[in-house]
Amino acid sequence: MGMRKSFYQFLMTKRNPSSTESVAEFANNAFYDQSFPKQSTDFDELSKYLEENANYLPSMIIFDEAWTEFIETN
């Protein structure tokens with residue numbers, strides 16, 4: 001089995017500074033978040049981090065949708 005991408009690595013493929021799409025904004029903001037758990041592939045760890053620290057994420061639904069796509073493509 002090859003190395004799985006972390007969620008952060010997946011999310012970075014969604015970066016688009018000129019986009020107003022919610023997942024692109026999430027990715028843009030996560031890029032500037034110095035303490036984002038960049039190596040994590042754990043849903044609970046990531047959602048806990050985002051709930052407690054990511055004031056740039058207006059809704060956890062955005063994370064849930066990105067997570068679903070991450071799982072399907074990883």
Side-chain angles (χ1 to χ4, degrees):
M1 266 181 62
M3 274 282 291
R4 289 185 69 201
K5 259 200 303 224
S6 72
F7 177 74
Y8 179 82
Q9 288 172 305
F10 161 78
L11 189 60
M12 289 305 100
T13 68
K14 301 292 174 190
R15 272 185 78 209
N16 179 354
S18 60
S19 174
T20 55
E21 221 179 291
S22 52
V23 71
E25 291 187 335
F26 174 26
N28 296 338
N29 288 316
F31 176 74
Y32 294 107
D33 179 356
Q34 296 300 305
S35 49
F36 195 97
K38 293 181 172 66
Q39 306 308 317
S40 183
T41 55
D42 182 78
F43 178 84
D44 293 330
E45 179 188 5
L46 288 158
S47 59
K48 185 176 193 294
Y49 173 81
L50 291 167
E51 281 169 5
E52 292 174 2
N53 304 285
N55 55 2
Y56 54 79
L57 190 62
S59 167
M60 288 300 287
I61 293 168
I62 300 163
F63 167 64
D64 290 336
E65 289 172 354
W67 179 264
T68 301
E69 192 180 339
F70 167 66
I71 292 302
E72 287 168 354
T73 59
N74 213 9

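We count residues from 1, following the sequence as given.
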Shortest non-hydrogen contact between Ile62 and Pro58, atoms and distance:
CD1-CG, 3.7 Å
Going by the salt bridge (charged side-chain N to carboxylate O under 4.0 Å, His left out) test, which pairs reach into residues 54-74, not counting sequence neighbours?
Lys14-Glu69
Interatomic distance, OG1@Thr41 vs CH2@Trp67, rounded to 0.5 Å, equals 6.0 Å
Once rounded to the nearest 0.5 Å, what's the spacing between atom CZ of Phe10 and atom CE of Met12?
10.5 Å
Sequence neighbours left out, what passes side-chain contact (heavy atoms from CB on, under 4.5 Å) with Asp42? Give chain and number order.
Ser40, Asp44, Glu45
Do the side chains of Leu46 and Pro37 get nearer than 4.5 Å, heavy atoms only?
yes
At their closest point, which heavy atom of Arg4 faces which heavy atom of Gln9, and how far apart are they?
O-OE1, 4.4 Å
Name all residues meeting the ring-ring contact (aromatic ring centres under 6.0 Å, His included) criterion together with Tyr56; count only those two or more places apart in sequence or in a different chain, and write none if there are none.
none
Would Lys38 and Ser6 count as a side-chain contact (heavy atoms from CB on, under 4.5 Å) here? Give the steps.
CA-CA 7 Å; Lys38 293 181 172 66; Ser6 72; 5.5 Å; no
Is the distance between the ring centroids of Phe63 and Phe70 less than 6.0 Å?
no
Which residues pass the ring-ring contact (aromatic ring centres under 6.0 Å, His included) test with Phe36, not counting sequence neighbours?
Tyr8, Tyr49
Mind checking what makes salt bridge (Lys or Arg N to Asp or Glu O under 4.0 Å) contact with Lys48, not counting sequence neighbours?
Glu52
Side-chain atoms of residues 23-32: list all donor-acceptor pairs with protein atoms under 3.5 Å, sequence neighbours left out, distances to 0.1 Å.
from  : atom 1 : to    : atom 2 : distance (Å)
Asn28 : OD1    : Asn16 : N      : 3.1
Asn28 : ND2    : Asn16 : O      : 3.2
Asn28 : ND2    : Ala24 : O      : 3.2
Asn29 : ND2    : Glu25 : O      : 3.0

Measuring from atom CG of Asn74 to atom NZ of Lys5, what distance do you get when rounded to the nearest 0.5 angstrom?
6.5 Å
